[in-house]
Every structure is written in C-alpha cells, then in structure tokens.
Enquirer: 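Input: one structure, supplied below.
Start at 1 and go down the list; that is how both ligands and their atoms are numbered. Values in this document were obtained by computation on a predicted structure and should not be read as measured data. Numbering starts at 1 and runs along the sequence shown.
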Amino acid sequence: MHLQQAAARAGVLRREIERHNHAYYVLDAPTIPDAEYDKLFCELQALETEHPQLISTDSPTQRVGGKPLPEFSPVRHAVPMLSIRTETDTEPSGARAFDTRVRRELGLGEADPAVEYAVELKFDGLAINLRYEHGVLVQAATRGDGETGEDVTQNIRTVHRIPLRLHGCAPPVLEVRGEVFMSRPDFERYNAKQRALGRATLVNPRNGAAGSIRQLDPAMAAERPLSFYAYGLGEVRGWDLPATHSAVLDALAGCGMPVCEHRAVVQGADGLIAFHARIREARDALPFDIDGVVYKVNSLALQQRLGFVTREPRWAVAHKYPAEEALTTVEAIELQVGRTGAITPVARLAPVFVGGVTVTNATLHNEGEARRKDVRIGDTVIVRRAGDVIPEVVSVVIERRPMKDLVHPLHPPFALPKTCPVCRSAVECPEDEAIARCTGGLFCPAQRKGALLHFASRRAMDIEGLGDKLVDQLVDNAIVKTPADLYKLGLLAMANLERMAEKSAANILAAIEKSKTTTLARFIFALGIRNVGEATAKDLARHFGNLDAVMDADVDRLQQVPDVGPIVAASIARFFAEPHNVEVIEQLRAAGVSWSDGAPSAVANSPIAGKTFVLTGTLPTLTRDEAKDMIEVLGGKVAGSVSKKTDYVVAGAEAGSKLDKAQALGVTILDESQLRELLEK
Ligand code: IVH
C-alpha cells in the first residue's frame, strides 16, 4: 500500500480502535466482538510494521509498553499538585464544620443561601497528572512532592481507560488530574493468576496500583490491570473553563475521560451529610476501595476567592468513614498450610470489632511480609478489614511493644520453620517466590484435606455435602487418605462420625456414588495439579482426548496445548511422575470412577465411541489394563458387569459367568483378535 493510502487507513483504524476502547473500558459497553477488534488491531499493526514512519505516540499499538527505563525522569508540575485536608470527625458534624468554615471565609451570614458543592469519591490509588497537548497525551507524571513528580508516561499508556487522544477536543494544553487505581475484581483476578504461576502476589489494590506505575519495566506495568478516574485539572491553555467543577468533570467525560458516576451537586451541609451517608451504604458494593468522600465548592470563582492555606485548598475537604481499622493484640502467630502446601502465617488476635464484624485472625501473607512488618506475639497491631477481603495486619504500634520485650526480646522476629507444622516434611521456598511450601504433598494432612475439598468441589467432582467439617473428621480419624478412599466409604463408617445422622450419611454416599460418572476435564481439574485450573483442565481434555495420553505426555507435548507454557507443563509432568499420584488415579478407576472423554477427532470418528465393553477371562497377549486403555483411548467405556446396556464382551481363556450372561442376553462376543480388528477400524 502507498504511504499516503496507508496513512489515511491508519488514521481511520486508530479512531475506530479508540472508539471501541472507550466503549469497552470507560463505558463498559462493548461495541464489537473481541475477534473483530483483534482484526482491526492486527491490521493497524501490520500497516505500522510496513511503514514505521506512521507510528505515532497516540496509536493504540503503543499501549503495550516500551523498553525498561534505568530510572524515571523528574517532571516539574506547571501547576503544583496539592493535597486535600482530611476531616477526621467521621460524623455529620465533620461535614458541618467544613461548611461553616467555607461560609465564614466567604463572609456569608445566616440569611444567605446554601453553598453549592460538588461531591465525589476519594479514590484510593495514586495521583497522576496527564498532560494533553493539542489533544494528544504527551506526558504523565506522579504527584511526587507536589512540585516535582516522576515521568511515568510509558506505564500510563498501558492503562486502557486513559485516552491517548482526547475526543473532539484539542486545546494547546489541557492537564487532567486523577487517580490511577486497581479495582478489587481486577486485583483478585491478577493475584489468582500470579498464584497459579507461583509468582508473588500484590498485598492490596492500592499497592498494586502504586507499584505498577512506579515500575521501571513498562511490560510489567502492562500486565497489571489498572483503572483511572479524572477529578480535576492542572495547567490549561486555550480551553474555555466552565463555571463550575461539576461542569469541568462533565466536559472531561465528553472528551472521553473516565469520570466516576458516583458524584453529585448538592446544597449546603445537609447535602454533604446525605451524600456521605449514601456512599457509606453503597461502599461495599463498589468494585474498588475508597478512602472516604470529597466535598468541593462547586463554583470555580468561589474556589479562587477561598484560595489555599499552605498546601491545601480551603475549598475542598476529604470526609472519612469510621475506621475499617482497629487496634488489637497478637495472641499467637500460627501457620496455615493450604491445598498446594503454601504456608501462610496468620496472626491470632484478641477479638476486635472492625468493619462491621468481629475479627479474630488476620493474614500476614508470607514470611517476607511478616518480617517487614515485624509482628511479634504480644504486639499491639492495626488490623484492617475492607469489603470482603481477608482481614490483614497493617502495622505494629511499636511504642506499645512491652518494654521488657524491647530490651530482652521475649519473642524473636518471625521466621518460618524448616519443617511443615502439620506433617514435618521439609519446607521449600524457591528464591524467586514469596511463598514457602510444604513438600509433603498428600502425605501432609493439611494438604490432604485441601486436596479432598478441592476434589469434591462443585466445579470438580461435585460431591454435595462433603464440606470442611466432614473432611476434617475423615482425615483426622484416618478414614480417608486419598480421594480414592472416598469411594470405599460405607454407611457404617459414615454414620459413626460425630454429629452425623444416618440420613445425611446416606445422602453423602449417594452424592459420592453419583460423582463416579464425570467428564475428563472435571476429573483432571479435580486432581488438583498445581497451576491447572478449570480452563487448563478443559484444554488438556480437549487436546489429548483421554487421561493416559495426558499422563504419558512429556513437557514438549504438553506445551503444544494452547495456553500451556513451561511452568504449567512442568507442574503437570511432575504430578504424573509421582508414583503416588498415579496410584491414586488407578484406585479411582478401579473404584468405578469414569468419564466421558474430551473427544478429539480420533475419538469423534471412532466406531466404538460411547460403546460399553466388559472384559472377562485372560486374553492371549493383552493384560486387562492394556485392553481397557486401548478401548478408552478411542472413547469406549469399560464396565465391570454385563447388562442389557453392554455392547461387547471381550472374552479370553477361562471366562466364567460373564460370558454366560452375555450369551443369554445376546451381546456380541469378541476374542482378542476381533477386538483389535474393531479398534483398528
Ligand atoms: S482533589 C486540590 N479529588 O487525594 C485538590 N483528590 O490529598 C486536589 N484523591 O493524592 C485533589 N480522590 O490523589 C481530589 N475525588 C478526588 C480524589 C482525590 C482521591 C487523592 C489525590 C491526592 C489526595 C489529596
């Protein structure tokens, strides 16, 4: 394509892509299917590869992040980035005090009308100044000390919600200020992914956002899902300022800037109080953490008249909510061992009411965190609980550490033991991972319990009624060691368990029985192979079609599965290389657990797909297992007894009653060579 034509096409594509980006990321209302979007994106990339001179900084292809930086360059803010005064009185009186101050400063008397305020949320992330020149994003900087920040343009470009070019608005200079943050669902998703890869997780969404932006490698920043909301302006040249703050935000939204919908214009102190109360109710349902609400005098003219005290405007205040943090003491530090052996230090606390519930323990995340915070038994700590996240220890109030402990420390700094607190197996902590793990595998009761719960979970074998309490009893009384043992449980053993009525015991046994028929994908997922989630299990089932093929595959073959990389492949290979795991699988099969396969093409065309076989007697060359495997590979099922549903009976020497029954029912009978013939079709 000629350069001129290509340039025109690239322009069209960029506008089109950014329009879809805006719809998807800002309006949350996708306008085209992903595949269509990808096609546009690829076309633009191809054009830019062919004509590199066409690449511009505002091209959506430039969002992926460039080369790592040696350091951030300083940026002097054209207009200082101020902070807001925080009202710590969380009651309505806090809002009234602000309104009273504003009225006094403005010289308003009792008879004068109420002051109009723009009210919004106080986002909990990192303040950023976005500089647009002629409508194009040219620089993004952190707040720094308010005068000078750091140039984080490369990282900010990876935030899809931030437009690289303003929509229909191109003044010489327009600086937009706002907060970069990580939503809670994005935070959870990101951490789940990191855990699956055995990589370090983020401590909380705030650190996630700040850490991502202050990350020298933009490719790393690009992996972190960040959001942005605009809440104000910096330097402005050649742009007609509206008369009010709320109109400024409306105008920014009109230019494609993300502006939070939870905002309002209210009158006087009563309006502030009502908004404070309303957001307090809505708070837990918000997909991101907030730090309170912000009140701003709406008229820009009045803002100017009010001016600043030191570094804080007189026209704005942040109004907090009652603490989601509280003080309590650490009674013990215990170690929890998870399903995959991950060892998490947990602080047992003197019960404390925080964020609406009584908290008795809080996570210390991992050894690194526990040591960084230096939490010790007897310490007074700040615990925090926000939304539905696990309560965590924020920090130690060191002044309250008992004096004698300061001089002769009674409790040493936290250190992980060398052996698992549950099973005494060695603990390993790979250097590049924050997480220590027990190496005991299913020998470790804690991992065994976790593995059983996972095995029985809804998306795995779906055994209804097999919950924590029951698993605890089954494992603690050594009734169940492996998932295969579940299928050996009898009514007597079950009904004898504490607090177990005969009826519920029977229900659980029925649920266990029902779980015997499942799918290959569910079965693979149920095995609890590290890094193999539901999606990967499905991919494996689809790709290999049967379990033996997965078990036999080496790392290279495994990596041919879409989305399986070296780490996941290694986990799978390691799992099946462990004789104990193979034994459990054999036992499960022997207990009658069976599955419909993933049906790759070989199985789809197989003449025996879905047919039921019964093996009886000794075959001349094949062992029973070999015959069974050959049948199952092609999608056939092998059952233990002959019935009307049996399609074929494969009979060898000294076949007994099964052969008689097959003859009586008129079922097709094959010998080994006939079986081979059938399978070769
Ligand atoms: S306005 C002159 N509005 O709070 C006023 N700030 O202490 C400048 N923040 O680090 C700030 N949400 O990043 C404003 N709706 C909001 C805000 C907000 C969060 C942060 C801001 C800054 C700090 C100010």
Side-chain angles (χ1 to χ4, degrees), residues 77-88 94-95 98 101-102 105 117-130 140-150 152 156 159 161-162 175-183 205-210 212-214 226-236 241 244-250 252-253 257-266 272 275-276 278-279 282-283 286-300 302-321 386:
H77 297 300
V79 176
M81 288 182 80
L82 305 169
S83 55
I84 349 181
R85 183 191 146 106
T86 302
E87 177 56 67
T88 48
F98 171 64
R101 267 199 315 277
V102 168
E105 298 288 344
Y117 296 102
V119 292
E120 52 202 53
L121 305 182
K122 185 156 196 284
F123 311 105
D124 195 12
L126 188 71
I128 292 288
N129 184 68
L130 304 174
T142 60
R143 176 161 174 264
D145 62 5
E147 299 288 338
T148 308
E150 289 176 321
V152 290
I156 286 296
V159 180
R161 281 227 217 171
I162 296 179
E175 288 188 353
V176 180
R177 288 178 178 174
E179 199 90 347
V180 168
F181 62 95
M182 195 178 277
S183 76
R206 213 205 89 80
N207 285 8
S212 308
I213 292 304
R214 304 210 56 265
L226 298 177
S227 299
F228 177 85
Y229 276 135
Y231 55 61
L233 297 173
E235 187 185 12
V236 175
L241 267 186
T244 59
H245 177 75
S246 57
V248 167
L249 295 188
D250 292 341
L252 290 178
M257 274 313 232
V259 176
C260 183
E261 54 176 353
H262 296 281
R263 62 190 173 102
V265 173
V266 302
L272 301 179
F275 184 73
H276 191 256
R278 180 152 76 76
I279 296 302
R283 190 174 182 191
L286 291 175
F288 47 85
D289 292 338
I290 58 167
D291 209 18
V293 289
V294 178
Y295 309 143
K296 296 172 182 173
V297 170
N298 201 21
S299 153
L300 299 191
L302 290 185
Q303 286 188 5
Q304 271 226 303
R305 254 177 66 194
L306 286 159
F308 305 87
V309 241
T310 59
R311 314 216 49 79
E312 294 169 351
R314 284 199 191 88
W315 46 265
V317 78
H319 198 190
K320 296 244 180 187
Y321 287 106

Enquirer: Just to confirm my output: which protein heavy-atom neighbour is closest to atom 8 (C) of ligand 1, and how far is it?
Expert: Leu82 O, 3.8 Å
Enquirer: Hey, what's the ring geometry for Tyr321 with His276, parallel, tilted or perpendicular (30° and 60° as the breaks)?
Expert: parallel
Enquirer: Please write down residue, atom name and distance for the protein heavy atom closest to atom 2 (C) of ligand 1.
Expert: Pro313 CG, 3.4 Å
Enquirer: Looking at every non-hydrogen atom in both residues, tell me the closest pair between Val259 and Leu249 and how far apart they are.
Expert: CG2-O, 3.6 Å
Enquirer: Could you grab the distance from atom SG of Cys260 to atom CG of Leu286, nearest 0.5 Å is fine?
Expert: 7.5 Å
Enquirer: For the CZ atom of Arg283 and the CD1 atom of Ile290, what is their distance to the nearest 0.5 Å?
Expert: 5.0 Å
Enquirer: Just need the protein heavy atom nearest to atom 20 (C) of ligand 1, so name the residue and atom and give the distance.
Expert: Glu179 OE1, 3.6 Å
Enquirer: In ligand 1, which numbered atoms sit nearer than 4.0 Å to a non-hydrogen atom of Lys122?
Expert: 4 (O), 12 (N), 19 (C)
Enquirer: Polar contacts were defined as any N/O atom of the residue lying under 3.5 Å from an N/O atom of the ligand; does this apply to Phe123 and ligand 1?
Expert: yes
Enquirer: What's the spacing between Lys122 NZ and Glu179 CD if we round to 0.5 Å?
Expert: 7.0 Å
Enquirer: Among all protein heavy atoms, pick out the one at the shortest distance from atom 7 (O) of ligand 1; state its residue, atom name and that distance to 0.1 Å.
Expert: Ile84 N, 2.8 Å
Enquirer: Looking only at protein heavy atoms, which one is nearest to atom 10 (O) of ligand 1, and what is the separation?
Expert: Ala127 CB, 3.7 Å
Enquirer: Any nitrogen or oxygen of Val294, main chain or side chain, under 3.5 Å from a nitrogen or oxygen of ligand 1?
Expert: no
Enquirer: Please find the pair of heavy atoms, one from Arg161 and one from Tyr229, that lie closest to each other, and give the distance.
Expert: NH1-CE2, 3.5 Å
Enquirer: Taking CZ in Arg214 as the centre, count heavy atoms belonging to other residues, nucleotides or ligands within less than 6.0 Å. Is the count above 12?
Expert: no
Enquirer: Determine whether the side chain, the backbone, both or neither of Asp291 has a heavy atom under 4.0 Å from any heavy atom of ligand 1.
Expert: neither
Enquirer: Heavy atom of Lys296 under 4.0 Å from ligand 1?
Expert: yes
Enquirer: Could you check atom 21 (C) of ligand 1 against the protein and tell me its nearest heavy-atom contact, residue, atom and distance included?
Expert: Tyr231 OH, 3.0 Å
Enquirer: State the atoms of ligand 1, each with its element, that fall below the 4.0 Å cut-off from a heavy-atom position in Glu120.
Expert: 3 (N), 15 (N), 16 (C)
Enquirer: Any chance the side chains of Glu120 and His245 put a donor and an acceptor closer than 3.5 Å?
Expert: yes
